[in-house]
Amino acid sequence: MSPLSRRELLATGTGLVIAFNMPRSGRAAAMHPKAKTDPNAFVRIGPDDTVTLQIGHSEMGQGNWTGLAMLVAEELECDWSKMRVEHSPAAQAYAHLEFGTMAVGGSSTMRTEFGRYREVGAMARDMLVRAAAAQWKTSPHKLHTENGFVVHGSQKLSYGQLANAAMQLAPPNSVKLKKKSDWKYIGKQVRRLDTPEKTNGSAKFGMDVQFEGLRTALVARAPVFGAKVRSFDASKTKAVKGVEQVVQVPSGVAVIAKNFWSAKLGRDALQVEWEKSPEVDSEKLWASYRELSKKPGDVAAKPAGDVDAALGSAAKKLEPMAEGEPKGSV
Amino acid sequence: MKIDVNGAVKEVDADGEMPLLWALRDGLGYTGTKFGCGMAQCGACTVHVDGKAVRSCVLPVSAVEGRKVTTIEGLSNDHSHPVQRAWAEVDVVQCGYCQSGQIMSAAALLAEKPNPTDDEIDLAMAGNVCRCGTYQRVREAVRRAIALTKTPARAQR
C-alpha cells in the first residue's frame, strides 16, 4: 500500500479537511495480538482548527467518547475546546480490537484502545509538525506543539492552518508516545464532549431514527412466561386509522402502523388467545426451587473463611427461607 | 390540525386525541422529546405549554390548540439558555435519554421562580427519573443555573 493511498481527502460543509487513515504499526500489533484487522482511526482537522474524531464505539453514557478523545488529544496536543466526536461509519477499520467486530462491552473500550488512539494522535501531530517545518524551512526537531499550535520561537501556526499541507505528507511508520509524567489530559477531569447534543435534543437515540417510509411495529407479547399465540382476532385493530398490517411473530403478534400512536391503539384493540406452556408452571417452578435450596450451591465469587466450621460452633442457628416474585415489569 | 411549536405554527397529521408527544416526534420530527413510560410517571416527555412543564405523553394534542408549545429544540438554538449552560458546566449527562425532560422541568421552574429553595427544586424535579442516577448533579446544575441567570449568556460547548 502506498502512503498516498492511505490518505483521504474529504470535502465537507466546512471546507476541505484532512483525514489520517492510520496504518497499523508494529508496536500496535504487539500490544493487540488478538486484532484481526488493521486498526484505523480517523482524525479530521478543519480549517477552523476543530479536531473531529470518528469513533466506532457506541457512547451510552459511560463517557468513552470523551475518554477516547482524551487519548488522541494527549498525543496530538490540541485544544480541548476544539475537540469534536462523531460516530464512525460501519467499517471493519473500527472493529473492537478483541471482539473483532464493532462492539462495546465489559468496560473494555479504554483498556483495549489505550495504545491505538494515542498513536493516532501522535501520528497526526508528527505530520503537522513536519508540515510546519517545511513552511519555516527548518528541522521538525526544533519545533514543539502546544494547545493546537506548532511553535517555533515566537512564530506559531495553528493546526487548522497546517491541515492542508500536513495532508500532503506520508504518515510516519512509527511514533514515540509521551511519558506518563508528561500527560496533560489523561487522568485529569475534562468536560464531556457529548453534552451539547444531549442538552439541545439533537442526540439521536435508536428510537429517534426516522426516514421516509419507516413504520412502527408494536408487539403484543404473552402475559405469562412461555405462552404461545393460540389465535388472534385483528378485525378491530385493522379498523384503527394508520394500522397497515398485523402479523404473528415468534414473540407474539406485531401491529405495524404509520406511527407509534396508531400502533399502540391497534395493539390495544387486538384480541389474542394465549396457550400456556405445559413446561412452564408457577407451582412446578416453586417446587423445583425449594428442592434446589436444600442442595449445596456453587461458590458465586470466591471462597472466604470456613462457613461450616463457623456454623458448627455458632451459639444460635437460623434457617431462613425467603420466597418472593420479582416486582415490576420487563 | 395546527399547533404552535417553538415559535412557528405547524400543520400536523394527527387526530385530536393523539398525545402531544407523538404529534411532536412522529408528526413533526422533534425527536428530542423522549418516550419513557407513556403514563406521566417518568418525565422524559416533558415540554412547555405556555411556559409550564407538562408531560406530553398523556396530553391530547387537541389541548394545545391556540397555545404555545416549547420543546428542548426550542429552548435555545446555541446552548445559551442558563439551564443548558449549567448542565454543561456541571457535566450532568450520562446516557442523556432523560435529560431533555430534566432540562425542560428545570427551565420551567426557573421561569416561574427565579430563586427557588432546595425544597422547591426537589419538588419541581421529583417527576423526572434518571436511570443513570444523575440526581445529585441535576440538583447542583439547577442551583448553578440560578446563578447563571444573573450573568450574561454566551454560547458554549
Side-chain angles (χ1 to χ4, degrees), chain A residues 48 50-52 58-67 69 79-85 104 188-212 214-216 218 240-243 257-268 328-329, chain B residues 6 13-15 17-38 47 57 61 71-81 83-100 102-104 130-134 141 155-157:
Chain A
D48 58 354
T50 54
V51 176
T52 304
S58 58
E59 165 65 83
M60 294 181 286
Q62 320 90 318
N64 58 352
W65 276 20
T66 305
D79 176 356
W80 184 255
S81 70
K82 302 286 171 60
M83 199 80 192
R84 307 284 183 266
V85 279
V104 289
K188 309 284 191 321
Q189 191 168 359
V190 296
R191 291 267 184 89
R192 291 183 69 109
L193 294 175
D194 52 342
T195 292
E197 65 184 59
K198 289 176 177 175
T199 54
N200 72 356
S202 64
K204 290 280 173 275
F205 293 79
M207 198 178 183
D208 301 331
V209 175
Q210 295 185 338
F211 51 85
E212 192 60 36
L214 182 70
R215 296 292 179 262
T216 300
L218 290 187
V240 172
K241 190 182 159 199
V243 169
K258 265 174 65 180
N259 55 48
F260 180 98
W261 190 243
S262 294
K264 160 85 166 61
L265 294 178
R267 187 177 64 175
D268 289 349
S329 59
Chain B
N6 299 335
D13 178 19
D15 289 338
E17 65 268 32
M18 178 188 279
L20 174 60
L21 172 66
W22 300 109
L24 291 170
R25 287 183 57 89
D26 287 349
L28 297 173
Y30 287 112
T31 56
T33 305
K34 301 305 181 201
F35 168 60
C37 64
V47 299
C57 73
V61 64
T71 70
I72 183 73
E73 290 92 344
L75 199 59
S76 82
N77 56 13
D78 58 359
H79 299 95
S80 63
H81 191 284
V83 173
Q84 290 170 314
R85 291 160 60 204
W87 248 244
E89 286 190 20
V90 178
D91 253 340
V92 173
V93 309
Q94 281 182 227
C95 92
Y97 197 81
C98 74
Q99 297 296 341
S100 298
Q102 303 272 6
I103 288 167
M104 295 310 280
C130 171
R131 216 212 84 170
C132 299
T134 61
Q156 57 175 242
R157 283 186 61 92

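Below, read A as the first sequence line, B as the second, and so on, with proteins coming before strands; counting in each chain starts at 1. If you're wondering where the values come from, they're calculated on a predicted model, not measured in any experiment.
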Pick from [options] with the largest number of heavy-atom pairs that fall under 4.5 Å of chain A:
options	value
T71(B), D15(B), L75(B)	D15(B)
C132(B), P19(B), G27(B), A14(B)	P19(B)
D91(B), T134(B), V92(B), D26(B)	D91(B)

Check: S100(B) side chain, G32(B) main-chain N or O, donor-acceptor pair, under 3.5 Å: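 The answer is yes, because a donor-acceptor pair under 3.5 Å joins these two groups.
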Donor-acceptor pair, side chain of D194(A) and main chain of G61(A), under 3.5 angstrom: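 No.
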Exercise: identify the closest heavy-atom pair between Q210(A) and T31(B):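 Between these two residues, the closest heavy atoms are NE2-CG2, 3.5 Å.
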Under 4.5 Å from any heavy atom of chain B - which part of K241(A):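 Only the side chain of K241(A) comes within 4.5 Å of chain B.
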Part of M60(A) lying under 4.5 Å from any heavy atom of chain B: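 For M60(A), the backbone is the part near chain B, not the side chain.
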Contact class of Y97(B) relative to chain A, heavy atoms under 4.5 angstrom: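 Backbone plus side chain of Y97(B), per the 4.5 Å heavy-atom cut-off to chain A.
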Proximal component of I103(B), with respect to chain A [non-hydrogen, under 4.5 Å]: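 Contact with chain A: side chain only.
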Mutual orientation of the aromatic rings belonging to W22(B) and F260(A) [parallel < 30°, tilted 30-60°, perpendicular > 60°]: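 Parallel.
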Over 12 non-hydrogen atoms of neighbours within 6.0 angstrom of CZ in R215(A):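 For R215(A), atom CZ is crowded (more than 12 foreign heavy atoms under 6.0 Å).
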Residues D208(A), K34(B): salt bridge by 4.0 Å N-O rule: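 Yes, this pair counts.
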